[in-house]
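Worksheet: the structure to be examined is printed underneath.
Residue numbering restarts at 1 for every chain, and letters A, B, ... go by the order of the sequence lines.
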Number of protein chains: 2
Amino acid sequence: MTPLKRITIRDVSERAGVSTAAVSYVLNGREGKVSQETASKVRRAVEELNYIPDFSARSLAGTRSKLIGVVIPQTEDQKQLLLQNPFYSELVCGIEARLRQSGYHMILSGVDKGEGYLDTSMQRNLDGAIIMGIYQESFYDDLKRVKVPIVLIDSYVNDSYFQTVSIDDEAGGYMATKLLIDNGHTNIALVTGLIRKDGVVEKRFLGYKRALKEAGLFYNPDHVFEHSVSYEYGQEAAAAIAAGHPEITAVFATSDLVAMGVLRGLSDAGKRVPEDVSVVGFDDIPVARMCNPPLTTVRQNIVARGAMAADRLLKAIEEGEASLADDPSVARLELAIRQTVQRLAPS
Amino acid sequence: MTPLKRITIRDVSERAGVSTAAVSYVLNGREGKVSQETASKVRRAVEELNYIPDFSARSLAGTRSKLIGVVIPQTEDQKQLLLQNPFYSELVCGIEARLRQSGYHMILSGVDKGEGYLDTSMQRNLDGAIIMGIYQESFYDDLKRVKVPIVLIDSYVNDSYFQTVSIDDEAGGYMATKLLIDNGHTNIALVTGLIRKDGVVEKRFLGYKRALKEAGLFYNPDHVFEHSVSYEYGQEAAAAIAAGHPEITAVFATSDLVAMGVLRGLSDAGKRVPEDVSVVGFDDIPVARMCNPPLTTVRQNIVARGAMAADRLLKAIEEGEASLADDPSVARLELAIRQTVQRLAPS
DNA sequence: TTGTATGCGTTATCAG
DNA sequence: CTGATAACGCATACAA
């Protein structure tokens, strides 16, 4: 319950009987600038006094703030962070863990519609930022002006100023489809959000087609159900499949959320999963293992992806942008095999 | 793409032809200290130069940092934030929205095992903190020493230094049980995590008993299934109910996670929900609406609770602790009626 | 190798 | 009402 008074670098220097400069050198690892003896005296004093540096002062003095801005998208009404979305929350987990481990802190925020991020990054002297989601062009222009390293996640801005961390969506689509093919399925529907050029979904779609082709299967556009990334659309598509496509024995949904809807829709239509129809999702969000039956899906390891983004950013900050390879980091994918895929009995 | 140079308060003062002090006054709303004319000259200059204040400098100069520390628990392995838990992520959403709205930023982090939060809060000159989860005693002692306002969520530390924001768990338990009773059920099981003295769960349990009593129903200890807050336990309890308690027509699970397990367990045992057994959960996490059938539950409005915590903290910061009523804030509860409760046909 | 002095951007004090 | 000026805590160029 001691009142707790701020210990400054000067207190330390007096205690150790050296100058403030010496203390600063030791603190910043500028060994070689001070003698072994001074260094140990300083370290002892720091220990005894329980010195805690003031980052505001550091930041002001022109060095690092050790602060990273992390931006995630907001809900439609622009009021809340989209943190309920497991995708973003896992990403944030990965980022935070890595940052903390390296002595950085994270300012997590959304950005108000129409506002930029320039203010925040200037106010706080951010050392860097990780941006998720998609914004208007001027947003990115502002970002470039502050000249700190930036990592983009899930944003397809094609500008070499920004670092990106992605996954191999094409391979993921391939894996999912291949799994179904390997289990004897030949009529595989794709249920997905809008397929936009260069979007995540398009890549998964491409993987789907590649797997079909490789297996010598015919690609049937009628088996592609494309609309929106939502639980509701999954239901809808499943209803359509159950009603009009008896030949379809398997569904690849490009997102777990959609897959959950498909499960529900099939069930409502009296189809059993996986006995009548097999289903594979994408993402492996936590509900995937809790739904009934547990969903087989493509695991993104989203947390690892967050950590990767943080890594890349820290490297750019501490070793300069030049230290980074030009190619984007790509996170690994794997299958989470559960209970929604069944081997098709040879008919 | 202009290079972007830092505009200081001095630049503004020169542009406006006044002193830096005058600028500072205007910026901080110390009207009355300057003339109307000076004020408008300053405002114009700020606008023209696009001046952005440096919070590091502000913080160093002894005023507010406008930074709030938000701490959430970590996973077992102490590596990641527990943000995957919808409860925490929603809380964070609520907090962030309110803070940003008031010009504050949030540093979101976990706390390493054995470490305290004193370092962070000193380093960053935090104006306050919101702490979720439960920590060792020394952690709270440290917190008190920094003398900034603190709000605790879900922590039952009984110390008037800390503010708390809670929900009326007892009322929630009552609401859920009452709903079932109103639908004609008389044999209602309680499936729950460990009932600890003064814990959240105990209160819900008390509400359950009160509703029974009020309806003139007999409280049967055999209808209480108490073990752990997990999906798996829900399954297990449901199996036990299906196997050994044909008289039970309804279940109140004190957590949605458990309720999900109950749904699954009943289904595995060949019981239909809600035709054979009705189920009510607690929390209203997002999966509640996605599961099959959609779960009727007690909505916590977790986001609102986060906002409430932020409100309370900001008030303590800006108006002093004294401005706060002594009684803790209590967030409202409501029922989310979906499809797992059915009116019992009179037999 | 060590210490002194200055500046970083703001706020606050205290004479004008 | 206004304007110099001294902190705030730290890092660093420069002098010793």
Side-chain angles (χ1 to χ4, degrees), chain A residues 4-43 45-46 49-67 103 119 121-127, chain B residues 4-43 45-46 49-67 103 119 121-127:
Chain A
L4 192 68
K5 192 177 67 72
R6 169 128 239 143
I7 307 294
T8 75
I9 203 173
R10 157 154 281 118
D11 297 325
V12 176
S13 74
E14 284 171 4
R15 173 78 166 221
V18 300
S19 74
T20 61
V23 176
S24 180
Y25 288 143
V26 175
L27 258 40
N28 295 305
R30 292 269 192 296
E31 310 285 340
K33 299 275 288 183
V34 295
S35 68
Q36 278 300 328
E37 199 193 326
T38 315
S40 65
K41 276 195 292 189
V42 169
R43 266 188 282 272
V46 164
L49 265 43
N50 206 305
Y51 167 74
I52 300 171
D54 183 323
F55 281 63
S56 302
R58 266 195 192 165
S59 165
L60 223 206
T63 47
R64 300 273 112 97
S65 66
K66 295 269 183 182
L67 261 188
D119 282 25
S121 79
M122 293 291 284
Q123 286 170 345
R124 301 297 183 183
N125 291 111
L126 300 182
D127 287 345
Chain B
L4 191 69
K5 193 176 67 73
R6 169 128 238 145
I7 306 294
T8 75
I9 202 172
R10 158 153 281 118
D11 297 325
V12 176
S13 74
E14 284 170 3
R15 173 80 167 220
V18 300
S19 75
T20 62
V23 177
S24 180
Y25 286 143
V26 177
L27 257 39
N28 295 304
R30 294 267 192 297
E31 311 285 340
K33 301 277 285 184
V34 296
S35 67
Q36 278 301 327
E37 198 193 326
T38 313
S40 65
K41 275 195 293 188
V42 168
R43 265 189 282 273
V46 164
L49 265 43
N50 205 305
Y51 166 74
I52 300 170
D54 183 323
F55 281 62
S56 302
R58 266 197 192 163
S59 165
L60 184 57
T63 46
R64 300 274 115 95
S65 66
K66 295 270 184 181
L67 261 187
D119 283 25
S121 84
M122 293 292 284
Q123 285 170 345
R124 302 296 183 185
N125 289 110
L126 300 181
D127 286 346

Grab the N/O contacts between the protein and nucleotides 12-16 of chain D below 3.5 Å, and write none if there aren't any.
unit_1 : atom_1 : unit_2  : atom_2 : d
D:dT12 : OP2    : A:Arg30 : NH2    : 3.4

Check whether more than 12 heavy atoms from other residues, nucleotides or ligands sit under 6.0 Å from atom CZ of B:Arg10, and answer yes or no.
no
Figure out the CD1/P separation between B:Ile9 and C:dA12, and round it to whole Å.
11 Å
Test side chain to side chain contact (heavy atoms under 4.5 Å, CB included), reference A:Tyr51, set A:Val23, A:Asp11, A:Val42, A:Ile9, output is A:Ile9
First encountered from the 5' end of DNA chain D, between B:Ala57 and B:Val18
B:Val18
Using a cut-off of strictly less than 4.0 Å, decide whether A:Arg58 has a side-chain nitrogen or oxygen near OP1 or OP2 of D:dA11.
yes
Looking at A:Ser19, I'd like to know whether one of its side-chain N or O atoms comes within less than 4.0 Å of OP1 or OP2 on C:dG3.
yes
Look at all strands and tell whether B:Tyr51 reaches a base, only sugar-phosphate, or nothing, counting heavy atoms closer than 4.0 Å.
sugar-phosphate
Check: B:Arg64 side chain, B:Arg58 main-chain N or O, donor-acceptor pair, under 3.5 Å
no
Value in whole Å for how far the P atom of C:dT10 lies from CZ of B:Arg64:
18 Å
Any idea which of D:dG9, C:dG9, D:dC10 is nearest the B:Asp54 side chain?
C:dG9
Within the structure shown, what part of the strands sits under 4.0 Å from B:Arg10 by heavy-atom distance: base, sugar-phosphate, or nothing?
nothing
What is the separation between atom CG on B:Leu60 and atom P on D:dG9, rounded to the nearest whole Å?
7 Å
When rounded to whole Å, the CG to P distance for the pair B:Leu27 and C:dA12 reads 12 Å
With heavy atoms under 4.0 Å as the rule, sort B:Thr38 into base, sugar-phosphate or nothing.
sugar-phosphate
Touch class at under 4.0 angstrom, heavy-atom based, for A:Val23 against every strand present
nothing
Send over the distance from A:Arg124 CZ to C:dG9 P, rounded to a whole Å.
17 Å
Between C:dC8 atom C1' and A:Phe55 atom CZ, what is the distance in whole Å?
17 Å
State whether A:Ser35 places a side-chain N or O below 4.0 Å from either non-bridging phosphate oxygen (OP1 or OP2) of C:dT2.
yes
With a 3.5 Å distance limit and no angle check, can you tell me whether B:Ser65 reaches the backbone of B:Asn125 through a side-chain donor-acceptor pair?
yes
Can you tell me if B:Ser59 and B:Ser56 form a side-chain donor-acceptor pair at under 3.5 Å?
no
Tell me: CD1 of A:Ile7 to P of D:dC8, nearest whole Å?
14 Å
Nearest whole Å is fine: how far is D:dC8 C1' from B:Asn125 CG?
10 Å
Kindly determine whether A:Lys41 and A:Val46 satisfy side-chain contact (heavy atoms from CB on, under 4.5 Å), including the steps that lead there.
CA-CA 9 Å; A:Lys41 276 195 292 189; A:Val46 164; over 6 Å; no
Is a salt bridge present between A:Lys66 and A:Asp127, judged by a nitrogen-to-oxygen distance below 4.0 Å?
no
